[in-house]
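One is the number of the first residue; the rest follow in order along the sequence.
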Amino acid sequence: MSEADALPERESMDFDVVIVGAGPAGLSAAIRLKQIAEEKGEDVSVVVLEKGSEVGAHILSGAVVDPIGIDALLPDWREEADTPFKTEVTADHFLLLGPAGSIRLPNFIMPRLMNNHGNYIVSLGNVCRWLAEKAEALGVEIYPGFAAAEVLYDDAGKVVGVATGDMGVGRDGKPNANYTRGMELRGKYVLIGEGVRGSLAKELIKRFELDADCDVPKFGIGLKELWQIDPAKHRPGLVQHSFGWPLDNRTGGGSFLYHLEDNQVAVGFVVHLGYKNPYLSPFDEFQRFKTHPAIRDTFEGGKRISYGARAITEGGYQSVPKLSFPGGLLIGCSAGFVNLPRIKGSHNAILSGKLAAEQVMDALAAGRDNAELTEFDTAWRESAIGADLKPVRNVKPLWSRFGTLLGIGIGGFDMWTNELFGFSLFGTLKHGKRDSESLEPAAKHTPIAYPKPDNEVSFDKLSSVFLSNTNHEEDQPIHLKVADMALQKSSEHDVYAGPSNRYCPAGVYEWIEEGEDAPRFQINAQNCVHCKTCDIKDPNGNITWTVPEGAGGPNYPNM
């Protein structure tokens, strides 16, 4: 008898719809399913699985939210006494940064879709907690702390549910005294809203070849801190974006400063993961950015409250894969619905969850269980999501092709032609290489000498990870899988000078250069903030991110 055969059978629970991920997409889908069921006087069972310790624990976003999504889902939300949408945008600034100064770009030259007036500065984690309350009030079951680790298929290959990971498995891969078998949650439909580069979405895309007819995916890494600042410097409703320094013209990225309520400022930095220099460190670029004369004053005398990081989908319209598979749909960031120039995706996530729920309810009403809802692939492009993403589809490839200054200029012109005339002179451009293919050998570059943190506005990586409240059960298998350790040494270390130590924003990866077995690749999995950058940027695609035990990872209070 094999070790697998000796394990106890998993318990099983049946639902009409199983949703993976309690983010904006998953919760919106759950709410809409129950709304429609209530309208029709029907009973539809819905469960939402969330790998974080609580709803919102793994949610990190800027975030300036376009209310178009929440208006469609909950049209009466403005009449409520207390919502997480507390700070409406009052001022919108765009800066070009140089090494010592800055230029504010006039708002009138910006395409209309870049205007943030009427949007809200929020904690997206708090928005999700609020949506979870709405969902539970409608009868949705939400299970935080349970990581969906496996897709379940029937004999015909249709998706019929998911299974949560086993708990109490030791570092050696064997059950320990705290072992608990995972549970199967079976449904007539499964909606995958697990966020960027989720492990189940990756499996489904590969198994069903959902990316056969789309462009390559593109990603960025977003790093964020939440600060309590001097009340005299606080400007509630101010939204400020910048590009330029400290990144060079060939490295895409930019920053944001959002003034929320209660003297809080969210500051973030995005680096496009198509960068070439293996010595570049997104974390250190972020810390250096805060020392710029136009930025530093905001934070002097303030207190850093929280830190986190996550990958961002940047491929846009042409990189969205087929979203339907037999038995379910990809939604939200699992689908890739972020509008890169607007730095927004939550409105499209909400709209995608709502649209998916409507498609599923139509199928259930017609008796089509575990069917392939191919109509969803047409519906999203014809909806407000497609209308949001299509006009900006060339901004990313133009930026990558021509660099920051010229690329943004041409991209802005392209957005204007799309807005005014409904077409692009460029058609639909291709992205080119995957981000894992973009790094150049270290021999072509010079190491970057980053300044030491001053512990006033700039900080080191480990003290930052501490603020993310990241925690993992130590006695469990490492959830970051290296397929070929010899390849990691011969290529990632010897050719590219160990970029994993720099692209990871949490100090997970180290090359130990001393001792008998040096150099040795060390994985500090307990530091992982689940950004999934390693799964995207490793030059050989040699690292795979998988879910750890449920409730592991960051615990963001209000990011």
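- Residues Tyr503 and Ile536 form no side-chain contact, since every pair of their non-hydrogen atoms from C-beta on lies 4.5 Å or further apart.
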Name the atoms and distances for all side-chain donor-acceptor pairs under 3.5 Å in residues 272-279, with sequence neighbours left out.
{"residue": "His272", "atom": "ND1", "partner": "Lys396", "partner atom": "NZ", "Å": "3.4"}
{"residue": "Asn277", "atom": "OD1", "partner": "Tyr279", "partner atom": "N", "Å": "2.9"}

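- Geometric assessment of Arg502 against the ring of Tyr509 yields a negative cation-pi assignment under the 6.0 Å and 45° thresholds.
- Distance alone, capped at 3.5 Å, places no donor-acceptor pair between the Ser334 side chain and the Ala201 backbone.
- For CD1 of Ile103, the number of neighbouring non-hydrogen atoms (other residues, nucleotides, ligands) closer than 6.0 Å is 12 at most.
- For NZ of Lys390, the number of neighbouring non-hydrogen atoms (other residues, nucleotides, ligands) closer than 6.0 Å is 12 at most.
- Phe421 and Phe423 have tilted rings, their planes meeting at an angle from 30° to 60° on a 0 to 90° scale.
- Classification of Lys51 and Glu194 as a salt-bridged pair fails, no side-chain N sitting under 4.0 Å from a carboxylate O.
- Looking at residues two or more places apart in sequence or on another chain, you find a side chain to side chain contact (heavy atoms under 4.5 Å, CB included) between Val216 and Lys218, His431, Arg434.
- Here the side chains of Leu238 and Leu257 are not in contact, with every heavy-atom distance at 4.5 Å or above.
- Taking the six-membered ring where tryptophan is involved, the planes of His241 and Tyr258 are perpendicular, since the angle between them exceeds 60° and thus also 30°.
- Checking Phe459, Tyr450, Tyr307, Phe269 one by one against Phe283, the ring-ring contact (aromatic ring centres under 6.0 Å, His included) holds for a single residue, Tyr307.
- For the pair Leu223 and Pro282, the minimum side-chain heavy-atom distance is below 4.5 Å.
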Working for side chain to side chain contact (heavy atoms under 4.5 Å, CB included), residues Ile192 and Val151: CA-CA 10 Å; Ile192 304 295; Val151 181; 5.6 Å; no
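- Looking at heavy atoms from C-beta onward, Ile221 lies out of side-chain contact with Val270 at the 4.5 angstrom threshold.
- Every residue two or more places apart in sequence or in another chain that forms a salt bridge (Lys or Arg N to Asp or Glu O under 4.0 Å) with Arg342 is listed here: Asp66, Asp388.
- Side-chain contact between Glu437 and Pro539 is absent, with no heavy-atom pair separated by less than 4.5 Å.
- With no hydrogens or angles considered, a side-chain donor-acceptor pair links Asp414 and Asn394 at under 3.5 Å.
- A donor-acceptor pair shorter than 3.5 Å can be found between the side chains of Ser438 and Lys537.
- Of the possible donor and acceptor atoms, none in the side chain of Glu372 sits under 3.5 Å from a partner among the backbone N and O of Thr374.
- Relative ring orientation between Trp227 and Phe299 is described as tilted, the plane-to-plane angle lying within the 30° to 60° band.
- Cation-pi check for Lys206 over Phe208 is not met; the charged atom does not lie both under 6.0 angstrom from the ring centroid and within 45 degrees of its normal.
- Residues Ser242 and Ser255 bring a donor and an acceptor atom of their side chains to less than 3.5 Å of each other.
- Side-chain atoms of Glu492 and Ser500 include a donor-acceptor pair closer than 3.5 Å.
- In this model, a donor atom of one side chain and an acceptor atom of the other lie less than 3.5 Å apart for Asn116 and Lys344.
- Ion pair Lys202/Asp535 flagged as a salt bridge, since at least one NZ, NE, NH1 or NH2 atom sits closer than 4.0 Å to an Asp/Glu carboxylate oxygen.
- The ring-ring contact (aromatic ring centres under 6.0 Å, His included) test applied to Tyr189 returns no partner, not counting sequence neighbours.
- Using modelled atom types and a 3.5 Å distance limit, the side chains of Thr291 and Arg296 yield no donor-acceptor pair.
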Steps toward side chain to side chain contact (heavy atoms under 4.5 Å, CB included) verdict (Leu200, Val162): CA-CA 9 Å; Leu200 300 190; Val162 298; 4.1 Å; yes
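- Within the 4.5 Å cutoff, the side chain of Ser383 has no heavy atoms near those of the Leu351 side chain.
- The side-chain heavy atoms of Asp538 and Tyr496, taken from C-beta on, include no pair separated by under 4.5 Å.
- Applying the salt bridge (Lys or Arg N to Asp or Glu O under 4.0 Å) criterion to Lys481, with sequence neighbours excluded, gives no partner residue.
- Under 3.5 Å, the side chains of Gln488 and His493 contain no donor-acceptor pair of N or O atoms.
- Remark: the Asp377 side chain and the Ser324 side chain contain an N/O donor-acceptor pair separated by less than 3.5 Å.
- No side-chain N or O of Trp380 forms a donor-acceptor pair with one of Asn348 less than 3.5 Å apart.
- Ring geometry for Phe85 versus Tyr120: interplanar angle over 60°, hence perpendicular rather than tilted (30 to 60°).
- The main-chain N or O of Ala25 is never found under 3.5 Å from a side-chain atom of Ser28 such that the two would form a donor-acceptor pair.
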Counting only pairs under 3.5 Å, give me each side-chain donor-acceptor contact of residues 401-413, with atom names and distances, residues two or more places apart or in other chains.
{"residue": "Thr404", "atom": "OG1", "partner": "Asn249", "partner atom": "O", "Å": "3.3"}
{"residue": "Thr404", "atom": "OG1", "partner": "Trp399", "partner atom": "NE1", "Å": "3.1"}

